[in-house]
2 protein chains.
Amino acid sequence: MQFSKSTDYALHAIIHLGHSQRCNNVGIRELSGILGVSESYLSKIMSKLRQDGIVRAVPGVNGGYELARPADQITFLDVIQVIEGRQQLFECSNSSSQQHQLLAEEGAVQRDQKYPGKACLVEKVMNGAEQQLHQYLREHTIQSVLDEAFKRCSHDVNKK
Amino acid sequence: MQFSKSTDYALHAIIHLGHSQRCNNVGIRELSGILGVSESYLSKIMSKLRQDGIVRAVPGVNGGYELARPADQITFLDVIQVIEGRQQLFECSNSSSQQHQLLAEEGAVQRDQKYPGKACLVEKVMNGAEQQLHQYLREHTIQSVLDEAFKRCSHDVNKK
DNA sequence: ATTATTATAGATCTTTATTGTCCATAATAA
DNA sequence: TTATTATGGACAATAAAGATCTATAATAAT
Ligand code: SF4
Ligand code: SF4
């Protein structure tokens, strides 16, 4: 299990947009050059990011992309979920098996929406783990990375 | 990004073994029947679990599988990593891109083994998140699920 | 020792997901 | 109006997951 390359690209693209906030929009050409990915492929990713409200896009001369909201309001989780989707990390495929009887509470079969507390014991652990992951990714914003990069940078300057 | 079905099968197989500890070995036939998976496919999974020292296998009459160590010493992470592997959740593919300069410390390119503290800023976040996930999965053992299932069960009996 | 039983390893196939390209179209600012 | 830029659909290549079959090796019971 790994994050896809697209997630990698999306994160770096967003970070670059965050870094170029003051300037004009950033076109797909520039972006693709900096990330080292083809324009066609990257544009698919940017399109998704726009559909999910992470970036704004404007066509035409001097068009391009910009962040749809301040970088401190864009979390890693936000970006990752655009690409990876929002399904659960663990989805049981055999809830009709014999074992299920032992491990699941009554009513746990139709567990998707309404009874979060009634998940089976396996899902309880797996979903718990996923929550830990999400929590951490929610706590880290694009801005926090930008800040740290700037800190490092100025520290380097002081050294010299 | 999702856990594979194989991980699902592996977890359930191990749980069943833990549940049948007192009795004899559990053959692939019984196991496959209970999980609702083909024998051939499941045997591949069991083989991996054996190679990684999670279960013991004995061929021949009355052979089968049993846990290689007590269920309270088998964590969810143990089982999951057998199937999903041990690569990092996030592996950067373009550390030669222009962006890399900004985000990575010096020496961060050859980051794999020796400089865990020097990872780049993106990896720092992503690896941190992975650690959260792993920590949680490490804290939950097969036995803990068994215990809880038993608790529920006896609670149900009391009700009746 | 023989035999029936069981796990193992290899080859192979299908299906699904990821990664990637190309092109025609729509939108926009100059 | 036009040059420019993003968008969406179709498509292809590759890789990974899911699954099956078969021949072989190991073992316990006889
Ligand atoms: S116990 Fe949970 S994970 Fe297992 S089969 Fe039932 S629903 Fe699925
Ligand atoms: S900054 Fe980190 S994630 Fe980004 S390219 Fe460099 S090594 Fe990869």
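Note that the structure is a prediction, hence the values are computed from the model and not measured. Residue numbers start from 1 in every chain, and the chains themselves are labelled A, B, ... in the order their sequence lines are given, proteins ahead of strands.
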Could you tell me how far apart [X] ([atom1]) and [N] ([atom2]) are, to the nearest whole angstrom?
X	N	atom1	atom2	result
A:E39	D:dT7	CD	P	13 Å
B:N24	C:dT5	CG	C1'	14 Å
A:L49	D:dA6	CG	P	14 Å
A:R29	D:dT4	CZ	C1'	9 Å
A:I28	D:dG8	CD1	P	13 Å
A:I45	C:dT19	CD1	C1'	9 Å
A:Q2	D:dA15	CD	P	15 Å
B:Y41	C:dT14	OH	P	17 Å

Below 4.0 Å: OP1/OP2 of [N] and any side-chain N or O of [X]:
X	N	answer
A:Y65	D:dT7	yes
A:R50	D:dA6	no
A:S6	C:dT18	no
A:S38	C:dT21	yes

*How far apart are the closest heavy atoms of B:A10 and B:I45, and which atoms are they?*
CB-CG2, 3.9 Å
_With side-chain hydrogen bond (donor to acceptor under 3.5 Å, both in side chains) as the criterion, how do B:Q131 and B:N127 come out once you've worked through the C-alpha distance, each side chain's angles and the decisive distance to 0.1 Å?_
CA-CA 6 Å; B:Q131 283 315 309; B:N127 292 346; over 6 Å; no
*Any side-chain donor-acceptor pair under 3.5 Å between B:Q99 and A:H19?*
no
_Residue whose nearest DNA chain C nucleotide is more 5′ - A:S40 or A:G60_ = A:S40
*For B:N62 and for A:P59, locate the closest nucleotide of DNA chain C by heavy-atom distance; then report the residue assigned to the nucleotide nearer the 5' terminus.*
B:N62
*What distance do A:E123 atom CD and B:D8 atom CG have between them, rounded to the nearest 0.5 Å?*
9.0 Å
Classify [X] by what it touches in the nucleic acid, base, sugar-phosphate, or nothing, heavy-atom distance under 4.0 Å.
X	result
B:Q51	sugar-phosphate
B:S47	sugar-phosphate
B:Y9	sugar-phosphate
A:S4	sugar-phosphate

*A:R69 atom CZ, over 12 foreign heavy atoms within 6.0 Å*: yes
_Proximal nucleotide (of C:dT8, D:dA28, D:dA6) relative to the A:A57 side chain_ = D:dA6
_Watson-Crick or G-U wobble partner of C:dT28, both distances under 3.5 Å_ = D:dA3
*Identify whether A:V58 and A:I54 are in the same connected component of the hydrophobic contact network (ILVMFWY, side-chain heavy atoms under 4.5 Å).*
no
*Can you check whether any acceptor in the base of C:dT18 is under 3.5 Å from a donor in the side chain of A:K44, or vice versa?*
no
